[in-house]
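Naming convention: chains lettered A, B, ... in sequence-line order (proteins, then strands); numbering from 1 in each chain.
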Amino acid sequence: MKILIDGQTLETQEINRGIGNYFKNVINNLIKIDFINEWYITLSDKSFLKNLDPWIVDKLNVVLSEKFSPNNIGKSLDIANQEYTTQIQKEIDSNNIDIYWNPNPVMQNVMFPTEKLNCKFFATFYDLIPMVFKNKYINNWPNALRNEYMRRLNYLNSKENSILFISESSKKDFDKMIGNDYKRGYVTFLAADSRLYYNPFNFDMKVKGTYNILYVGGFDFRKNMYSAVDAFAEAKSKYKGTIMDNTYFDIVCSMSKNEKDKFEKYLEKINILEYIKLNGFISETELVKKYRECDLFFFPSLYEGFGLPIVEALLSGAVVLSADNSSLKEVGKDNCIYCNAENINNMSEKIYESLQISINEDKSEKEKRKNYALQFGWEETANATLNIFCELQKEHKKDICLALVTPWLPQRTGIANWIFKLTKSLNEYFNIDVYVDDSEEKCKQYRQVENVKIQTISNFRENSNKYDLIIYQLGNNSQYHTEIYKLALEKPGILEVHDYNINPFMYHSFLLHGDRKIFEEAIGYYGEEGKEHYKELSKGNAYPDMYKFPMIHYVSSKSKGVIVHSQWVKKQMDEIKNISVIPLPAFEKENSDEKLNKGEFEKKYNLKESEFIISCLGFINKNKRPYKIIDAINKLRSEGYPCKLMLLGSGGEEENEIMEYAENLGIKNEIIITGFLDDYSYYEGIEFSDIIVNLRYPSMGESSATLCETFKYGKPVLVSNINQYKEFPDEICWKVDVNEFEVDQIYNYIKYLLKNKDVRDVMSNNAKNYADKVLNSDKIAAEYYKYLI
Amino acid sequence: MNKRNVYIITPWYNTFSGGAEVAARNLAEECVNRGILTTVLTTCCKSPYCSWWEDSVKQGEENVNGVKVIRFRLNKNGKEKYEKTVQKQINGENLLEEDKENFYLHGITSDDLVEYVGNLNENSIVIMLPYFQALAYNVVINNPNKVSIMPCFHDEEQFYWNQISKMIKNSKNIFYLSEPEKDMVIKNYGITYGKKVVEAKTVGLGVEIEREKIKSGELKFEKLNLPNEYIVYVGRKDIGKGVLNLVNFHKDLKSDIPIVFLGGGDENLVPKDNNKFIDLGFVDEDVKYSVIAHSKALINLSNNESFSLVIMEAWLMGIPVIVSEACKVTKYHCEKCNGGFWIKDSNTYEKSIEFILKNIDLSKTMGLKGKEYVEKNYNWSSVISEILKSDMELSS
């Protein structure tokens with residue numbers, strides 16, 4: 001699916017305020033968790049992308065036009081809206097956009113469509129403040145502004161459109177004041193940045209002796225600041241001789257000098273100036289500290305679409321006294337104390353009561369609040385938003401017969417291992433038969449999966465007609481894919497591409513040993529240049545040019561559909577129809593309850609408990625950059641870092657050379673090549689590694705199941721900053737550039753990770769979370785179903 | 001969760017104000033301010049300038065600014081052995097292993113204190129600082145895996161001795177004050193002790209200035225009659241602190257801007273009857289803050305700082321700093337926050353002063369960068385949280 005985001009907010013000052021915060025966080029997280037859809041964004045200039053995470057920028061398709069610049073409003077809002085609409089419509093048509101999403105529909109410093117668009121329409125709606133406080137806002141607005149505001153609300157409320165409300169309360173307000181003619185209304189809550197506000201350690205770092213009430217707001221009447229200080233003054237006078245005597249009121253609010261002078265005069269008048277701390281604007285770090293150390297967070301707002309500050313305060317563990325109006329009770333539930341923000345007397349009493357509760361409460365209460373607030377995370381909001389866009393199909397029928405033509409365990413190939421595990425999840429959706437390419441390696445006993453019939457590929461031709469669907473698994477190993485390739489041409493089905501570049505496979509399977517015609521056909525796809533190259537190859541005058549001729553295109557073009565595992569591979573196969581990206585799932589070892597024994601592992605490889613293990617997974621070849629990694633390890637050891645490099649797999653022909661290289665550097669004893677490992681030993685190696693280095697260059701555009709496994713095991717991992725590897729978020733893997741600084745980068749990344757266990761732990765949690773949520777095999781099996789059906 | 005008792009051990013407490021002692025005092029008081037049961041264990045020695053083998057302060061328990069302090073009697077033996085090592089060092093003689101052991105067995109220490117630590121509950125959080133004195137060695141190696149060290153390591157002879165290796169081996173945890181200190185330990189002890197020294201945290205120290213002190217300092221500032229523009233040095237006037245270099249650089253400076261010295265030490269290092277040098281000697285803390293706050297920059301050319309409270313204080317007041325390029329720690333701080341210059345000679349000194357005087361806005365920005373850096377990284381709440389958290393992780 002192609003989703004177009006209205007990017008105007010990135011070009012306005014709003015990007016640093018509430019809506020901008022939502023915009024950035026939701027987009028960053030949406031793209032982080034979604035592998036499948038293609039994301040487009042409108043902008044007038046690419047430079048505005050600087051406000052988004054650098055990593056996601058590569059995954060966004062930018063639709064550029066000066067008509068998308070909010071500066072156009074300068075001419076006339078009507079004209080700007082009209083031009084914007086025409087241009088949007090054009091882009092929707094030319095890019096075959098399925099969904100247009102406007103995350104900022106009613107601010108009048110951005111443009112808004114004037115007509116119905118040719119795709120599904122979604123908008124995020126925050127609040128109806130101008131309507132709720134009519135006399136303060138809309139009734140005082142110029143006609144043009146008021147009319148435009150109402151036009152947009154009415155546009156949203158049309159039967160083709162769907163709206164994402166930020167709370168039930170804002171939805172109710174909309175339904176009541178504007179109507180509910182819209183197609184669908186969803187609630188996707190706002191969120192707070194738990195990385196900033198949440199601290200799992202419950203140390204009370206507050207300085208004792210005085211008490212602090214924290215207020216975060218502003219001079220906007222809705223924030224009710226004057227009433228807040230009135231209530232504080234009343235509490236001080238009403239409860240003299242109590243803790244109120246030592247209680248201060250800490251105000252965080254930007255203010256001009258005039259506003260400050262006026263406010264201070266007022267505080268002096270009500271005799272509380274000496275108890276008020278006026279902070280002005282403070283950094284996020286300072287705000288976090290204040291939330292964590294205050295005795296009470298007081299939020300007497302008169303109306304909120306959501307009420308983000310109370311979530312931030314709860315995440316920080318603060319006791320919260322909030323107003324009981326609008327969305328606030330819906331968000332705070334029974335984790336806040338509530339007051340009537342229009343009643344000074346009530347607020348003053350609640351201030352005193354809440355302070356008492358705060359001082360006397362059990363520490364576990366703080367934990368409860370923090371844990372409650374954790375549900376309001378940006379990833380959750382993004383996930384809910386994505387599910388709405390995709391309307392994930394939850395029901396399915398299991399009457400479809402699927403043939404998987406593939407390598408299969410115990411064949412020693414990553415694809416056999418991977419498809420074996422995925423089949424368990426696919427089994428929920430299809431009746432599956434497996435045909436194993438055993439043309440070169442016969443096997444007596446294949447691994448069984450319940451309700452799945454496993455048979456040899458030689459039976460496939462006669463049975464092929466009985467299947468609704470056929471998926472061919474194609475990789476680069478001649479031993480396990482030669483027959484599969486032939487069948488994929490003979491009886492076209494869905495081709496699942498594990499290596500974008502199959503030139504080495506084609507060379508071995510069909511030019512050196514097999515039917516040369518098959519090779520000739522495939523390279524002929526590249527026109528005269530391909531044919532010419534074939535001639536030279538046949539005569540023995542040339543080496544295969546694998547980078548010019550990846551050779552995947554021909555068989556893909558003959559298939560009914562193609563599944564690839566990254567957007568990068570998809571982009572390389574632009575001309576192929578019916579191609580879809582479905583990520584590789586992340587699996588852990590079977591019998592994951594089985595206890596691994598670290599002591600035995602250390603004994604086996606002569607490791608010390610105090611050493612760090614840096615590992616590389618799978619068969620070792622030059623593409624995995626072993627020499628660069630060894631150089632980095634050498635540098636680290638020379639600076640005192642006690643690390644060993646384990647190559648968890650066979651070194652093949654490279655093994656001797658690698659060990660000789662290490663010996664020349666004087667670190668032979670610090671490099672371990674394990675040789676081919678059985679499953680238990682392989683996963684043991686991953687489990688006991690501190691860091692995994694998963695580099696590839698040059699890359700065949702391969703899908704790296706080992707990388708997904710490292711995520712599942714929650715290991716900090718380094719990958720090459722190229723092609724498909726770029727598509728994984730920075731927070732789960734750090735990317736090493738392939739250039740003259742490669743060794744330095746590997747060295748610096750590893751050094752930083754070794755020195756900072758906290759960072760390793762965070763990366764580890766991020767990776768596990770990503771593997772569980774995004775690379776979840778059941779979720780991915782559902783994607784197969786959606787694509788195939 | 002912060003019901004566990006914290007014990008801070010240091011040779012001198014409240015009777016002397018060296019860098020490590022100030023750090024110990026601040027740490028203890030800030031723990032108490034946060035409701036953490038904190039006890040300081042120290043000796044009956046008044047200061048490094050009194051005998052280390054004869055008690056000069058009364059033994060027993062007292063309360064200092066809300067902190068419970070227990071003083072233990074000094075060991076009375078071993079003076080000759082210790083002094084023999086020191087004398088050999090002064091004479092530049094090679095030290096035998098026995099000499100080094102004597103240095104760490106018989107310098108300032110207290111067997112009573114060591115025994116007291118041995119009897120502490122296993123759940124206690126025990127922190128010893130600094131590494132240099134015999135007390136640290138004896139407390140740590142006699143109570144293996146019980147005492148954490150905030151060593152304040154310097155790149156000096158003792159750091160490379162076997163006794164320090166043993167101290168690291170027997171310590172429960174290490175709290176570094178800066179990344180360069182950590183790098184130095186990894187370089188020398190990383191391969192031997194592995195994860196313990198590599199994963200140990202750089203917690204730093206908290207640096208916070210009370211608003212009231214800034215206010216009261218402001219009221220006293222005018223009486224000092226200082227010129228409108230000056231730069232400031234705060235600390236002991238000592239060759240080891242780079243003061244001689246500073247004076248020489250400043251003499252050669254083309255600008256007439258004076259330098260104001262605050263603090264004790266060797267008065268003779270500062271030229272008299274020269275308008276470019278003003279020595280105010282010891283001043284109250286609030287006056288110190290006001291003098292820093294009105295300065296154009298604070299200078300600290302010491303090559304051997306393990307943290308440098310004073311540059312942090314200058315930054316908290318938004319003042320840029322000038323430090324020695326040869327000091328890894330202060331240079332590191334400047335690099336991290338862009339809050340100051342590092343210099344290596346009179347030429348670079350000249351250029352940095354010229355820049356600060358000519359680029360007022362940029363200098364202010366440098367000071368503010370420093371302020372952000374200190375507020376973010378060196379507030380007591382985060383320092384104490386990190387210490388408690390690290391200890392908890394090791395104990396679990």
Side-chain angles (χ1 to χ4, degrees), chain A residues 196 199-210 248 277 279 282-294 316-317 359 362-364 366-367 602 607-613 636-644 667 669-670 690 750-761, chain B residues 1-4 6 29-36 66 125 168-169 176 179 182-202 206 208 210-211 368 371-394 396:
Chain A
L196 194 62
N199 180 351
F201 291 92
N202 194 14
F203 300 128
D204 179 5
M205 282 297 121
K206 196 191 112 40
V207 175
K208 308 290 174 200
T210 58
Y248 290 79
K277 293 182 197 164
N279 291 281
I282 61 171
S283 67
E284 272 185 330
T285 321
E286 286 173 290
L287 181 61
V288 171
K289 190 166 177 270
K290 284 186 182 293
Y291 274 133
R292 285 193 190 147
E293 295 182 9
C294 69
S316 311
I359 292 160
D362 189 273
K363 291 275 176 284
S364 61
K366 191 183 268 257
E367 282 308 295
E602 285 167 355
L607 301 165
K608 288 186 208 149
E609 196 185 349
S610 61
E611 284 173 327
F612 293 98
I613 309 300
L636 284 161
R637 287 200 64 94
S638 72
E639 290 184 9
Y641 291 86
C643 47
K644 283 208 162 143
I667 56 167
N669 292 336
E670 321 311 334
D690 294 287
I750 295 180
K751 180 168 134 178
Y752 192 85
L753 288 169
L754 298 184
K755 280 174 90 174
N756 296 283
K757 185 170 178 296
D758 287 354
V759 178
R760 295 207 308 274
D761 290 346
Chain B
M1 229 184 260
N2 27 345
K3 289 296 173 209
R4 293 167 67 195
V6 170
E29 289 179 4
E30 295 294 342
C31 283
V32 168
N33 284 343
R34 285 160 178 78
I36 300 166
I125 299 172
I168 291 173
K169 183 182 175 186
Y176 301 110
E179 282 297 304
K182 181 171 176 174
D183 290 340
M184 186 174 78
V185 178
I186 293 172
K187 173 99 183 161
N188 289 284
Y189 297 105
I191 298 288
T192 314
Y193 296 119
K195 288 182 175 173
K196 181 177 189 173
V197 298
V198 178
E199 290 182 344
K201 282 184 180 156
T202 300
E208 289 166 10
E210 293 168 35
R211 285 182 190 193
L368 291 174
K371 185 170 191 276
E372 272 173 34
Y373 175 67
V374 180
E375 282 176 344
K376 186 172 176 193
N377 297 294
Y378 300 110
N379 64 76
W380 277 113
S381 292
S382 58
V383 170
I384 295 171
S385 286
E386 277 300 313
I387 290 174
L388 297 181
K389 190 176 132 194
S390 297
D391 197 273
M392 201 172 83
E393 282 168 353
L394 281 182
S396 61

Per-residue contacts, residues 185-192 of chain B versus chain A, heavy atoms under 4.5 Å: B/I186, B/K187, B/G190, B/I191

What parts of residues 371-378 of chain B touch chain A if we use heavy atoms and a cut-off under 4.5 Å? B/E375, B/K376

Taking non-hydrogen atoms and a cut-off under 4.5 angstrom, which of residues 636-644 of chain A neighbour chain B?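 At a heavy-atom separation under 4.5 Å, chain B is reached by A/R637, A/S638, A/E639, A/G640, A/Y641, A/P642.
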
Any chance you could measure A/E609, atom CD, to B/K195, atom NZ, to the nearest 0.5 Å?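 So the CD of A/E609 and the NZ of B/K195 are separated by 7.5 Å.
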
Less than 4.5 Å apart, side chain to side chain, heavy atoms only: is that true for B/S381 and A/R292? no

Is the shortest side-chain heavy-atom distance between A/K755 and B/T202 below 4.5 Å? no

Which residues share a ring-ring contact (aromatic ring centres under 6.0 Å, His included) with B/Y193, sequence neighbours left out: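 B/Y193: no ring-ring contact (aromatic ring centres under 6.0 Å, His included) contacts found.
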
Tell me, side chain or backbone of A/E286 under 4.5 Å from chain B's heavy atoms, or both, or neither?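 Contact with chain B is through the side chain of A/E286 alone.
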
Chain B heavy atoms under 4.5 Å from A/T285: which part of the residue, side chain, backbone, both or neither? side chain

Using a cut-off of 6.0 Å, state whether more than 12 heavy atoms not belonging to B/K389 lie near its atom NZ.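 Yes, because the 6.0 Å sphere around NZ of B/K389 holds more than 12 heavy atoms from other groups.
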
Tell me the closest heavy-atom pair linking A/L754 and B/V198, and the distance in Å.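 Closest approach of A/L754 to B/V198, heavy atoms only: O-CG1, 3.5 Å.
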
If you count heavy-atom pairs within less than 4.5 Å of chain B, which of A/D690, A/N756, A/V288, A/D758 leads? A/D758

